[in-house]
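Just so we're on the same page: letters track the sequence lines, and every chain starts at 1. What you see below is based on every heavy atom in this structure, not just the backbone, and it leaves out hydrogens, waters and symmetry mates. This one's a predicted model, so the numbers in the text were calculated from it and none came from an experiment.
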Number of protein chains: 2
Amino acid sequence: MKSRKISVHIADDHKIIIDGIIAVLEDEEDIDVVGFSTDGTELINWYKNNNKCDVLILDINMPEISGVDVLYFLKQRNLIQPTVVLSSYDDIKLIKEVLKLGVKGFIAKRCAGKHIVNAIRAVIHEESYFGPSIQELIVKNFSNKTSKVNNEISQDGIHISSLTDREIEILKLIADQKSTREIANALFISVNTVETHRKNLIKKIQVKNVVGLALYAVKHELV
Amino acid sequence: MKSRKISVHIADDHKIIIDGIIAVLEDEEDIDVVGFSTDGTELINWYKNNNKCDVLILDINMPEISGVDVLYFLKQRNLIQPTVVLSSYDDIKLIKEVLKLGVKGFIAKRCAGKHIVNAIRAVIHEESYFGPSIQELIVKNFSNKTSKVNNEISQDGIHISSLTDREIEILKLIADQKSTREIANALFISVNTVETHRKNLIKKIQVKNVVGLALYAVKHELV
DNA sequence: TGTTATATAACGGTTTTCCGTTAACTAAAA
DNA sequence: TTTTAGTTAACGGAAAACCGTTATATAACA
């Protein structure tokens, strides 16, 4: 009656995390780590070489080619498969994006290792698994849906989900060292409009200046 | 003839890394993980409660109280002990700083897990252990000591070691969203001087504006 | 003893950011 | 159908950042 082991590929730019996850999974008899990648390019090449696994453990924040980029690559080739996404920070927008890409597992890195095991077992059966902090976030997001306090400050600062798409777009460009004029030209809007957006961002995020915006962008992995 | 196990405490704000290291160390019969902390405050409290371990595995980049802060705390209380420092980025200034604080082990997180085991075995015997990339960096730093190309651009951008202490000090304050006037007041120097430093920083680091400086500061864990 | 690196400071001019406020248009939601 | 959220836009004034350049003092180094 014993079925085949679950094969897992791990992608993370920190080798130490890969080794850690491998070590955690070694204790699980039904799970087998069949490969790993330390950046997005490596992972994509792994797929291009027709390698396969049952579950992909995917870090979002990798240099050059990010985890999200990899997911878009997989979607393009109809290779989307059971995946557990790892992220340093909770970000409801990111969760929504990877959810749309068919990802069912989502875990913050600060969570304990056992959650990875749970997540693997869940996604292999097409079930969803969210780490504890993510669950909270989703619940909060749903309950806030109709409330008017969406833009108010929570105990740990404003959440990125309260920024509009346009604001995030402009925030990214600011964090890319673009001046207001450059942003205006890039988006075909007025300099005044960009200034308004910047002003609103500074107010919403509650920082002092563009430096604060850049730090926020880094923290939420927008750069 | 068999001696006591080496007791280890692990401090890292990513629980998943802690669990990973624990799993890696589980395979080692002579090493025992006796505790862990997910931030600097927790770790300091652990020491305040008179807990002890043979080797401390210490992540540098933790929120609120950083690994370096913890080392200063330990130094103040003459509690400096065999320590392996973990860092996401190589930074010769950081290495020098922790070396001065008595740290003998230094590993980049991108390194494989086995290096941690090697490092633990080294520092417990008062020997030094540097991960592969760190070794390279140290060698490069020594060979560059007398050369004049110290400030030139390497393939992956300028290295933090080419910034002076004062520049790093000012860079930190800029990344802390302080204005030029605020920095001048804080350091009891002229606004003009701070502007000169900022200008030099932008030129040296090859960025466009303060946003670029902030990003650089984050990348090199100065914030 | 020159040479170099570092920290300090000044200055005039330009550009950009910052701040408050107002307002029009649109699409979606109550 | 009003209300709300989001995007767009404008304006005037203050503050800050940016840029090139120059210059002095000091300490360390060759």
Is A:Asn209 reaching over with its side chain to a backbone N or O of A:Gly212, donor-acceptor style, under 3.5 angstrom?
-> yes
Beyond-backbone contact of B:Tyr216 with B:Leu163, side-chain heavy atoms, under 4.5 angstrom = yes
In plain terms, say whether A:Arg166 and A:Glu169 are close enough for a salt bridge, that is, a side-chain N and a carboxylate O under 4.0 Å apart.
-> yes
Quick check: are there more than 12 heavy atoms from other residues, nucleotides or ligands sitting under 6.0 Å from NZ of B:Lys208?
-> yes
Short question: side chain of B:Gln81, backbone of B:Asp54 - any donor-acceptor pair under 3.5 Å?
-> yes
Can A:Lys15 and A:Asp19 be counted as an ion pair, charged N to O under 4.0 angstrom?
-> yes
Using modelled atom types only, decide if a donor and an acceptor are shared between the side chain of A:Asp165 and the backbone of A:Ile168 within a distance under 3.5 Å.
-> no
Mark up nucleotides 20-28 of chain D, 5' to 3', with B wherever a protein heavy atom is under 4.0 angstrom from a base atom, S wherever such an atom reaches only the sugar-phosphate, and - elsewhere.
-> BB-------
Distance, rounded to the nearest Å, where B:Lys208 contributes NZ and C:dT15 contributes C1' | 12 Å
Can you tell me how far C1' of C:dT17 sits from CD1 of B:Ile174, to the nearest Å?
-> 15 Å
From CZ of B:Arg198 across to P of C:dA9 the rounded distance in Å is 15 Å
Applying salt bridge (charged side-chain N to carboxylate O under 4.0 Å, His left out), which residue pairs with at least one partner in residues 36-48 of chain A are found, sequence neighbours left out?
-> none
Where along residues 176-195 of chain A does a heavy atom fall under 4.0 Å from DNA chain D?
-> A:Ile189, A:Ser190, A:Asn192, A:Thr193
For DNA chain C, whose closest nucleotide is more 5', that of B:Arg166 or that of B:Asn209?
-> B:Arg166
Measure from the side-chain N and O atoms of B:Glu195 to the backbone N and O of B:Thr180, and report whether any donor-acceptor pair falls under 3.5 Å.
-> no
Separation of atom CD1 in A:Ile170 from atom P in D:dT7, rounded to whole Å | 8 Å
Can you tell me how far P of D:dA16 sits from CG of B:Leu173, to the nearest Å?
-> 15 Å
Does the side chain of A:His197 get closer than 4.0 angstrom to OP1 or OP2 of D:dT7 through an N or O atom?
-> no
Atom CG of A:Asp165 and atom C1' of D:dT7 are separated, to the nearest Å, by 12 Å
